Asks: 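First, the structure itself, so that you have it in front of you.
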Amino acid sequence: MSNATNPILKVEGLTVDFLSDDEPVRAVDDVSFHVGHGETLVILGESGSGKSVSTSTVMDLIDCPPGDIVAGSCLFDGVELSDLSAQARRSINGRRIAMIFQDPLAYLNPVYTVGRQIKEVYESHGAGSGKDARAKTIELLRRVGIPEPENRVDFYPHQFSGGQRQRVMVAMAIALKPDILIADEPTTALDVSVQAQILDLLRDLQRETGMALIMITHDLEVASSMADRIIVMNGGKVVETGIAKEVFSNPQHAYTRRLISALPPGNAAEAPNKRSTAIASETLLKVEHLTKHYVLASGAFSGKRTFKAVDDISFEVRRGETLGIVGESGSGKSSVARMLLGLNAPSSGKAVFAGENIFEMNEKRLMAFRRKVQMVFQDPYGSMNPRMRVYSIISEPWAIHRDILSKNRWKARVAELLELVGLLPEHADRYPHQFSGGQRQRIAIARALASEPELIVCDEAVSALDVSIQAQVIDLLADLRTRLSLSYIFITHDLPIVRHFADRIMVMKDGRIVEEGQTSALFGAPRHEYTQSLLQAVPKPKWLTHAQ
Amino acid sequence: MTIITTDTKSVTAPGTGRLLLAYLKRDKLALAAAIFLAIVVLAAILGPWLVGDAASRLGLRQRNLAPFSLGSGWIYVLGADTLGRPILARLIVGAQNTAGIAAAAVFASMLIGGTLGLVAGYSERWYSHLILRLADVVMSFPSLLLALIVLYTLGPSITNLVIVLAVTRMPIYLRTARAEVLELRERMFVSAARAMGAKPARIIVRHIAPLVLPTLVTISAIDFATVILSESALSFLGLGIQPPDFTWGAMVANGRGYLTTAWWIAFWPGLAIMLTTLSLNILSNWARTVADPQQRWRLQTLRKAAR
Amino acid sequence: MITYLGRRASHSILSVIGLLTLVFFLTRLTGDPSALYLPLDSTAEARAAFARLNGLDQPIHWQFLEYLRNLLHLDFGESLRQNRSAMQVALEAFPETLKLAAVAITLSTALAILVGSLAAARPGSMFDRVASLISLAGASAPDFWVAIVGILVFAVGLGLLPTSGTGSWAHWIMPSFVLMLRPFGLLVQVVRGTMLSALASPYIKTARAKGLPRHKIIFGHALRNSLLPVVTVAGDLATSLVNGAVVVESIFGWPGIGKLMIDSIIQRDFAVVQSTILVTATAIFILNIAIDLLYAVLDPRIRY
Amino acid sequence: QDAAQEIRIVLPEQPANLEPCGTIITNVGQILSQNVVEPLTVIDPITGQPQPKLATEWTSVDPTTWRIKLREGVKFQDGTELNADAVAFSINRMIDGKITCSNMAKFGDAKLTVSPVDDLTVEIKSDRPEPIMPTLLSVVMIVSPKTPVDQAVNDPVGTGPFTLSTFSPQTVVLDAFDGYWGKKPEITKATYVWRPESSIRAAMVETGEADLTPSIAIQDASNPETDFAYLNSETTAIRIDTAEPPLDDPRVRKALNLAIDWEGLAQLFGDDVKRASQMVVSGINGHDEALEPWPYDPQEAKKLIEEARTAGVAVDTEIKLIGRNGIYPNGAEAMEAMMTMWQDAGLNVKLTMLDVADWLRYLQKPFPSERGPNLLQMMHDNNKGDAAFTVPIFYRSSGSYSTLADPAFDKEIDEALAATGEARTNNFKAIFGKARRQVAGDIPMFHMIGYTRVGTRLEWKPDITTNSEIPLANIAIKD
Ligand SMILES: Nc1ncnc2c1ncn2[C@@H]1O[C@H](COP(=O)(O)OP(=O)(O)OP(=O)(O)O)[C@@H](O)[C@H]1O
Ligand SMILES: Nc1ncnc2c1ncn2[C@@H]1O[C@H](COP(=O)(O)OP(=O)(O)OP(=O)(O)O)[C@@H](O)[C@H]1O
Ligand SMILES: [Mg+2]
Ligand SMILES: [Mg+2]
Ligand code: NI
């Protein structure tokens, strides 16, 4: 399987800096790896350890300057990539090496339909055009599990759910069956069943075309189910590298050991958890018959078409409680969250927060309400103003609600919050674009915590974090819950995490709640068949399946 | 021009000034532009005091004196105008009125137009429609007619002149600001700010305006020339600046009939207008780079690691 | 969409009516036309007769009612100067302006997009600097200056082009060139600025990763995302041209509406002023509606 | 028809209309007058005396009645015969007041009645003696009786050698009229276009795009071969508002005249301008060749002002100098220069430049209330041969531009107007003399020069009438 002697891609001694007036930031430090035909290399590593930067360098996506490739070589199929002309590299990109980006919303062009953006791959590499390309596009979308691809092909990125966008990215990347696919966290927003489908798709492709796969993931289960070899990165360096099974069963480096130990044991039912201990009986939020229809782009003369994304759901959250929402990608979870925050108007229904219907609040009441409720968005990059420094981003709640914190303490508090989420105080001076995906997500969490709310809606808030930092953040959230009797609505695809953290779980599918119950009860005896399929779809390590 | 400081002050307060200076030095063209503008500003402040007399002294017997004729003294290097007054002195003295009127008009129209545009773009209430239709009305209203009406109802004065110029230039800022807001308000970070409880005013000022401003500043830098030149057209009606006061625009207009015979009369003030506009633009592009964190590296030292 | 258009149209019609009312009353604040129409040495009687003849002796609100009544019969009044229907005068001049404005705006926008995008693609390069300098110099040069020097050089000196007038295609070259200067300069700057931001967006990385050719990245992805302000500014420039390109029209003897409007204003030819404003305002309102619709086409996130 | 016989004329302004009753308006007259429509008499540019045109003879029956004999065999361009009825029709159309008739202004408030005597004779009666009736008849354009009486027209039909063939916003085209009564002109077709920019007009003639352009700016008249200067009958002046102190003091008014560096100022208007001492040019009946203009004497001016000051005149009061934009080439510069010179002389003069409509309020009675002491830039054009078109409006207390109120002077003026022959001339001369020496109610500046560029193809020279007419019949083509 592994073709170490003749790898299709061989990266040697890659070192990448980011330049500015200050000392250069070293993002990648002497990183080497290689991957062969049909092989899967998984890059594990701490959030911010240089995974995305090093793979982007392979595709010539780092702008130099401000980036600076200090050293290193990338041999692709025996050719040194940095020797090639820009034109030659372009013709390799997309056709022979393709990439799935980490933050799908930002990486999709907002003004073009996804169909057009995928079609473009075919057209620019002369692999079909017009009707033919469109048909191929629709077929691709179907393969990545987008419902009604014939219609959806003409939708714009903002009309998709987070997971759907991620699948669009996947579709775009595999369109031309590249020799190497670099997948940067390709399943962070996917529920287990869709995730399995995507992983199967990738495996099929590998079988079919001998595609080499470089997969960056924080998800150890996914890693184990895909990897032939693994490298582990930390602080810009490769700290461990080896055959997947070896690394999992016998980790060498301290960081790797910490990672592997964070993997939940086989039977997680009775593992220690972080569920809350003191839930008040007081109902904080009560949602009744909430419905959301999206109006779909209507031509001037066709009637309005609508899409029912949230269909008559009711639930409640008590003070100090964590409600986990899991469900199929595209089932309306984010839509519910946005409506609760008053960002999208509901089509009908009520949401009573502390005795008052959110949807009928006047400006002033809404202000007061929003102080008590915060949200961590699914697309952290987009949710931060690109012109603001992290300091301003995190301190913004205090600037809005003047009574939270007096101005002279902001600086210290920002530093404190950054440290709580595992970042450095000096990161406060940076801008959002200077961070890695996981780091941005943590900034978003820090901001949500800053205003000391009563309820935080976390939409895939920890999905891009590696297991160790994930654990740190969950601990932090749990701690705040006990101390401040915070409540959470925790939207995630990650079953181990909800199981670990949520008190009650709500399962959504197709805009409806299919099942709801106490965490242990639900995990112990799932009633709905979708829930059952979710719980079963846990990926199995590759070396086990392979052995059969 | 103001340099857009989104939030630099909050973090790097101590060194901001020095940092900007360093950025300016890194862009030689911007440095030259800044120096030129500084000269114009100096001329505007000190001009009347320095060469005020020379600028208004008649010299009917040396009308249209050609430039670079050395016999008449250094003040005549750029030649003399139709009444034999030294053009150099008039350029220096004219800087005050020119810069004053143009800056006031451009700034007022950008401020008012920009603000209204932000409001009209962000809000969907009745007043946003009203603002837009008013802008349409202003756009359809011939500026000359407006000038005439102001002249007849309010009388000629520099303030009224500035009002007319500002009002007629306003729609472009209004509509541009609005167009940008239409897109920006759909961005996630705006939703995020709303979710945090930020009032519309804060969202507009803190989140949207900094992204709209660069475009407005770009427009205003060019508008500077437009305003100077249209000011001279209005003086035809008696609303513009009245002799013995004058502006570069008036000087250009004055030399209009002499392009064939005494090109220098219209050329030098035209050149001054052009250089000023050019400098403002270069500086606004520079400011745009400074204000955009993703572009700022262009002006930074970029110390590379040793290899 | 339909409802939006309907509402928008009705608002616009109301605004135009408001505009006309405003113009009607305000123009009459700007002095009595009779002195302008009669020789300086004519008698008071002659002036009174003139006022009577043209209905200027009536109280102003009465004149306004009369004007409205005539409007209903599509009678826009008689030109004092030209002895014929004011609307006819306006409608004769308008297409000439429109043609010239359309050529100038289309060409300058297209060119500016090209030049501005290329400049933004390589900020700080020689091309960027030169393009900026030239476009800005053009935009800030006094237009009559360029026009007259152009005539002196190309018509008188080189004999390549006609000095002025209308007729052959050669007559179009200089007027449209002069008209293009300002829009071109402004648009190059606007395009360059917005393109710089767009080119730094993550989706450009996607496009690069897809292996799109450079021109598709620049013109397909970045440009499309920066068109909103470009379209707006181009639209505004178009309106200012629709309102008349006075200098160009008068220097080149182009029989357009700008010169007509100025002359009518100076001469207090009220009926013509009102008619030209009605014509240009209608065009401007339609243009603005079109631009607003274009926003929604250009950016799917914008919905009305 | 031969292109060689066709010419193009480029005018400064578009004629707003082509109503023959408005031929005293420069851009209408330059197209229509003597080309499409013809008057009864024309003024000789040198002597200022009326000459026959459609009228062949005229006699004064009594002081208020004139009998006019018409030319025989003249046909209008629509085929109608010229006869007494047609002339009566044209004059009645002019005086009826159903259309706005600019030419009528020359008659002042005179009431006329016209009666045909026989087929080719008409009698014109006025309500008061009109000794210069034949001169006045040069503004009466005879139009076809088929012309609407109650409506101004843009398609005039007259007896001239050319018919109007097109009038569009871009051109006016005249074609030769085959049935013309007089000598057939060499030119067969004339196209008129307009460009406001003087340098462009000059350039058009230079490149051969046009053959002739009247009134180019002095600085564009750079080619002695094609550019002709002509005294254009315009006289520039500043009117002093004698009613407002300190301008009611003759010393101050004289000082104003003396403080100007006339030679220097003349630089603005070219070498050929003539310093004016009175408001009419030579060739106009009443012009006094011997009358000296004010000299430049700043010392004397200062002295006069000091005298006035000691006599208690508030010489430091702010005096408004009111200019009009575009009144004549370099007009604004002249105002600026004069303001500076007066300030140097110690007067507090402040300049305001106004647009026509606003300026007119100051020019004509009734003057704005609280106008304050003011000096008004103006220009007077009398090419009609007689000082009667000048004196009463400027100097009689009833004159619409007059700020004077001197009954004795009024009486002198009335006498002059009623006089004829030698006496008339001398009376007018005396009036101009008094106005210059004693009253000093105005500051005559210059008799202006116009420049016309005539293409090398044409044989033609401008003269004093060029501002009001360009008879195509007088233009010959060189071969
Ligand atoms: N433009 C930039 N300027 C400065 N530093 C940067 C820039 N881009 C990335 N970095 C830094 O480089 C380091 C590596 O980033 P990278 O995106 O590769 O992390 P990652 O391993 O992908 O992390 P994650 O799992 O969180 O996505 C991070 O510490 C980040 O802060
Ligand atoms: N603006 C919109 N216009 C039309 N359809 C939309 C819009 N936003 C979301 N949808 C659709 O509504 C459905 C629910 O979207 P939502 O974002 O709530 O899903 P989700 O449960 O958060 O999924 P994921 O886990 O993938 O993020 C999806 O099918 C999506 O395509
Ligand atoms: Mg990453
Ligand atoms: Mg979602
Ligand atoms: Ni995960």
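As the structure is a computational prediction, the values presented were derived from the model and not from experiment. Convention: sequence-line order gives letters A, B, ...; per-chain numbering from 1. Heavy atoms only: backbone and side chains are in, while hydrogens, waters and symmetry mates are out.
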Asks: If you count heavy-atom pairs under 4.5 Å with chain C, which of A:Asp63, A:Ile182, A:Ile92 comes out on top?
Replies: A:Asp63

Asks: Could I get the full list of ring-ring contact (aromatic ring centres under 6.0 Å, His included) partners for A:Tyr381, not counting sequence neighbours?
Replies: none

Asks: So, C:Lys205 and A:Asp60, do they make that salt bridge, N to O below 4.0 Å?
Replies: no

Asks: Roughly how far, to the nearest 0.5 Å, is the NE2 atom of A:His433 from the OG atom of C:Ser201?
Replies: 11.5 Å

Asks: Only pairs of heavy atoms separated by less than 4.5 Å count here; which of A:Ala175, A:Ala86, A:Gly94 has the most with chain C?
Replies: A:Gly94

Asks: Is a side-chain N or O of C:Thr206 found less than 3.5 angstrom from the main chain of A:Tyr107, in a donor-acceptor match?
Replies: yes

Asks: If you take all heavy atoms of C:Pro213 and A:Ser124, which pair is closest and at what distance?
Replies: CD-CB, 4.0 Å

Asks: Considering only residues two or more places apart or on different chains, which pairs with a residue in residues 217-242 of chain C satisfy ring-ring contact (aromatic ring centres under 6.0 Å, His included)?
Replies: A:Tyr112-C:His221

Asks: So for C:Leu298, is it side chain, backbone, both, or neither that comes closer than 4.5 Å to the heavy atoms of chain A?
Replies: backbone

Asks: Within the structure provided, determine whether A:Arg90 and C:Arg214 are in side-chain contact (heavy-atom separation under 4.5 Å).
Replies: yes

Asks: Report the option among A:Glu123, A:Met172, A:Arg95, A:Glu120 that has the most heavy-atom pairs separated by less than 4.5 Å from atoms of chain C.
Replies: A:Glu120

Asks: With a 4.5 angstrom heavy-atom cut-off, which part of A:Leu108 approaches chain C: side chain, backbone, both or neither?
Replies: backbone

Asks: Please determine whether the number of non-hydrogen atoms from other residues, nucleotides or ligands lying under 6.0 Å from atom NZ of A:Lys136 exceeds 12.
Replies: yes

Asks: Side chain, backbone, both or neither: which part of A:Ile97 has an atom under 4.5 Å from a heavy atom of chain C?
Replies: backbone

Asks: So which part of A:Gln87 gets closer than 4.5 Å to some heavy atom of chain C, the side chain, the backbone, both or neither?
Replies: neither

Asks: For a quick test of reading the model, state the closest non-hydrogen atom pair linking A:Pro110 to C:Pro300 and the distance between them.
Replies: O-CG, 3.4 Å

Asks: Within the distance-only criterion (no hydrogens, no angle test), does the side chain of C:Lys210 pair as donor or acceptor with the backbone N or O of A:Ala98 below 3.5 angstrom?
Replies: no

Asks: Say you draw a straight line from CD1 of C:Ile204 to CG of A:Leu61; how long is it, rounded to the nearest 0.5 Å?
Replies: 11.5 Å

Asks: Measure the NE2-CG distance between A:His125 and C:Leu212 for me, rounded to the nearest 0.5 Å.
Replies: 7.0 Å

